[in-house]
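Below is one structure; the comments refer to it alone.
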Amino acid sequence: MTDDRGNLSVDFLAGFTIFLLAFIWVIAMIPGLLIGLQAYTIDYDAVAYRTGVILAEDPGWPVAPAWESFGDPQKYNVTRFGLAISKDTPNILSQDKVNRFFNVSTTNPSVGFIYPDDYQKRAIFGDFPYRFRISLRDLDNYRTRTVGEQLPDDYGYIRRVVKIKGTSNATINKSYMTSHSYIKTDNATTHVFSILINNTKLLSEIRDPAYQIDPSREQLLITVADLSSICPGTAITLNNVKIYKLDSGIYSNVPLPASNNPFVDGSSTRLPSSWPGIPAPVNNNVTIKFNPQYIDSMKAQNSQIFIAMRFDVSPACTFLNNTQAVPDYNNLVGKDTFENLNTTPFDYNYHPDNVTQPKLRDAVLAVAVWSGETVAAPMTALFSDDFESATTPDDWTPQSGWSDPWYGTPHYGNSSVVLRDQPTYITKTIPTAGYADISVSFEMGTQLSGAVFATAEWSSDGGTTWNLLKQINNGDPEDNNALYPFAYQLPAGADNNPAFTLRFSLVNANAGDRAFIDNVIVGGNPY
Amino acid sequence: MARLNDDAQWIILMGFLISFSFFFLALIINQSTVVGQTTAESVIEFPKNDIRDLVGVITTNTSRSNTTVVNSDITVISLHRKNAVVRYSLIQPNPPVDLHSYASIHYNNGVTTYYENWTSL
Amino acid sequence: MVNTDGQLYTIEGFAAGLIMIMTAYLVVSATSVYTAGDTHISDMQLEQLGSDALKIMATPASTGEISPLQKIIEVTPVGTDNATFGKMFGNLTNSKTGFGTDHIQFIASVSYRNKTDDSVSIYRLNSTRNLAGGEHAVRTTKWVIVNKKLPPSAPFAEDRAVLVEVLMWRD
């Protein structure tokens with residue numbers, strides 16, 4: 001007789017074991033599937049670390065021509081962001097790379113990089129849609145630049161301490177001209193002033209990229225100043241600027257594209273493309289600012305570059321001139337013009353008397369990475385004003401009627417506030433009683449001309465003394481009719497203070513000058 | 001014919017079952033811990049900053065005098081304070097024949113061994 | 001003879017128990033991926049920060065200058081405290097890009113070699129406070145070449161390599 005009671009159990013067991021094994025196997029893969037989806041910080045920290053290393057220690061890709069030189073239409077050529085000057089100088093960042101990196105747009109693909117897509121591919125990597133916030137705080141310039149979103153409560157984080165390499169610049173003013181005999185007693189109407197940029201010397205005298213002046217990588221700024229005081233009462237025009245390149249004994253003329261035209265009298269825009277067809281009148285100064293891409297496109301790494309500026313003065317006068325006695329500007333020939341006893345070009349070199357050398361500034365780079373929904377910042381906001389009200393800035397104390405809501409460019413939300421047309425300010429007393437670690441953030445931007453500037457200040461005594469937070473001068477990078485974020489941590493004097501006051505001013509203003517302010521937030525931690 | 005008594009077979013099968021499940025459970029746990037640990041440990045254990053710092057100080061030293069004393073300083077202090085064996089030699093530039101300086105650097109901290117032949121720019 | 005009638009119930013019981021335990025475990029493990037307590041992520045972050053700060057302090061701002069760290073060690077007599085170091089290091093490591101500052105404590109010291117017997121001496125450069133029991137610190141170091149009399153009894157100042165060591169921890 002067969003008893004199959006035991007058999008039945010064995011069949012069941014075998015089948016169930018196989019099922020269970022398969023089940024366990026499948027389940028074992030589930031954590032792997034969920035790995036990027038769950039809120040644990042280990043992975044975020046690792047991603048933040050990786051992004052931090054890439055940004056602080058890598059120059060990005062491509063290197064030559066550098067990625068930051070690609071304009072927005074060519075930005076697909078950029079495969080990796082990296083802010084370091086070169087691979088040999090970790091933690092030393094290039095100002096041009098930083099400027100390009102933080103040139104961010106949220107919507108318009110033809111203006112800057114798009115958050116988050118462009119950054120994800122080039123700095124965060126991976127297919128998982130991480131959210132992130134990358135900020136760089138320039139400790140010496142009190143400026144914070146940010147790309148990304150508001151921080152949530154929980155995120156992966158890395159902070160790097162870095163240096164930012166500033167750009168070099170030269171100002172040729174009257175005392176410099178006099179001491180170097182750049183003012184010749186020739187009493188003529190045509191004067192030529194030459195500037196020499198000796199790339200061979202610049203690149204060989206200092207080889208460390210952290211301190212090198214490399215015109216094809218960083219912007220040079222040359223200002224010829226005090227022109228009005230050389231011969232008062234004359235009309236000065238900038239007739240032309242010609243560029244010559246000396247490469248192994250051969251001079252060649254390099255055309256100057258309109259995108260590199262000089263600036264005249266501190267204007268924030270270059271001379272129009274109608275120049276030099278129509279010579280530009282000059283009141284006091286001329287600024288030459290070549291884009292590194294322009295120098296790079298000359299392939300002038302082993303060359304000398306001569307900049308020959310022609311000024312016409314009327315009536316004839318003793319004026320700035322360091323190139324031949326009376327040169328034939330229209331037919332300049334390299335050797336006869338520049339290698340001439342009467343020619344002593346201004347040398348853009350490592351001598352501190354000639355050129356303000358590039359300086360390294362301290363900065364802090366922070367990368368935060370998370371995923372999922374973004375929630376509001378944990379900071380307690382003591383006060384905030386986004387200037388959306390139609391009667392803006394009614395809850396501030398305006399000095400006069402020269403501050404209004406502004407619905408044009410630039411603004412966030414519905415409107416910002418504008419200070420305009422004459423010296424004016426708005427103030428607001430924000431009691432901070434019961435709070436410490438007071439911080440202020442706001443968006444500010446200007447459209448200025450002449451000696452006008454806009455300031456943001458705070459006071460611990462209700463307005464008797466003011467402490468400067470930010471000043472935007474005419475010609476600053478922020479002076480371009482856009483809003484820029486600023487954030488400051490205030491000292492203990494702002495803590496627990498019923499007389500804490502903020503003020504935004506427009507100083508020395510004339511008709512047409514404007515300063516825009518938006519999204520003012522004062523935060524603190526309760527005691 | 002004597003029939004095999006398989007009445008207690010399930011005990012053995014259960015044993016298998018439980019051990020298999022424990023095995024897979026362990027597998028899951030192990031995989032998940034690895035995520036955080038390897039990242040941090042690989043970063044900490046590979047002495048990138050130490051090596052960079054060392055290479056930096058040695059190569060800037062090529063332009064200075066007193067290289068023998070500095071060499072002993074680095075060797076002795078590395079061993080005492082960083083538990084790392086460091087040996088290096090420098091060749092100073094020899095103008096006009098050769099404008100470059102060279103360094104051959106050896107580093108070993110027991111976990112990581114690193115060797116570099118460096119040539120100046 | 002043993003009665004096996006209840007066998008199926010026993011197996012079912014075991015299987016059900018297993019499934020329940022496993023489900024519970026998997027739910028827990030999937031939502032918070034299991035990481036051992038000693039993953040050192042925060043150590044890694046702190047060490048990187050300290051290493052960066054020392055590197056920045058050892059970088060001159062422009063050509064021809066000497067680095068702040070080198071200057072600090074050169075001007076500070078062996079064994080005396082230098083507040084400039086603390087101010088600079090504290091500022092670099094505690095600065096955040098957003099609101100607030102960090103609260104990092106540190107002890108910085110300098111090691112140098114005695115030329116006579118190849119022994120290594122250490123003196124404290126600056127510290128915020130002493131390390132209390134139970135606090136966990138990470139160590140970061142930086143080589144600096146200084147022109148200094150080391151030890152102070154040395155007859156003349158010369159180029160020497162010294163090791164700046166910083167122990168860092170968070171409150």
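Chain A is the first sequence line, chain B the second, and so forth, proteins listed ahead of strands; every chain is numbered from 1.
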* To do: Run the ring-centre check on A/Y155 versus A/Y44 and record whether the distance is less than 6.0 Å.
  => no
Region of [X] in contact with chain C, defined by heavy-atom distances below 4.5 Å:
X: A/P352; answer: neither
X: A/D362; answer: side chain
X: A/L490; answer: neither
X: A/V162; answer: backbone
X: A/Y350; answer: neither

* Can you name the closest pair of heavy atoms from A/E218 and A/Q212 and give their distance? -> OE1-O, 3.8 Å
* To do: Would you name the heavy atoms of C/D52 and A/R159 that are closest together and state the gap between them?
  => OD2-O, 4.4 Å
* Asked: Between A/D138 and A/A363, is there a donor-acceptor pair closer than 3.5 Å when you use the side chain of the first and the backbone of the second?
  ->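 No; zero donor-acceptor contacts below 3.5 Å.
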* chain A contact via C/S51 - side chain, backbone, both or neither, heavy atoms under 4.5 Å ->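 Neither part.
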* Do you know which of A/V161, A/L20, A/L360 has the most heavy-atom pairs under 4.5 Å to chain C? -> A/V161
* Asked: Knowing that exactly one of C/K149, C/K115, C/K148 qualifies, which makes a side chain to side chain donor-acceptor pair (under 3.5 Å) with C/E158?
  ->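 That would be C/K115.
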* Plane angle bin for C/F89 and C/F106 - parallel if under 30°, tilted between 30 and 60°, otherwise perpendicular -> perpendicular
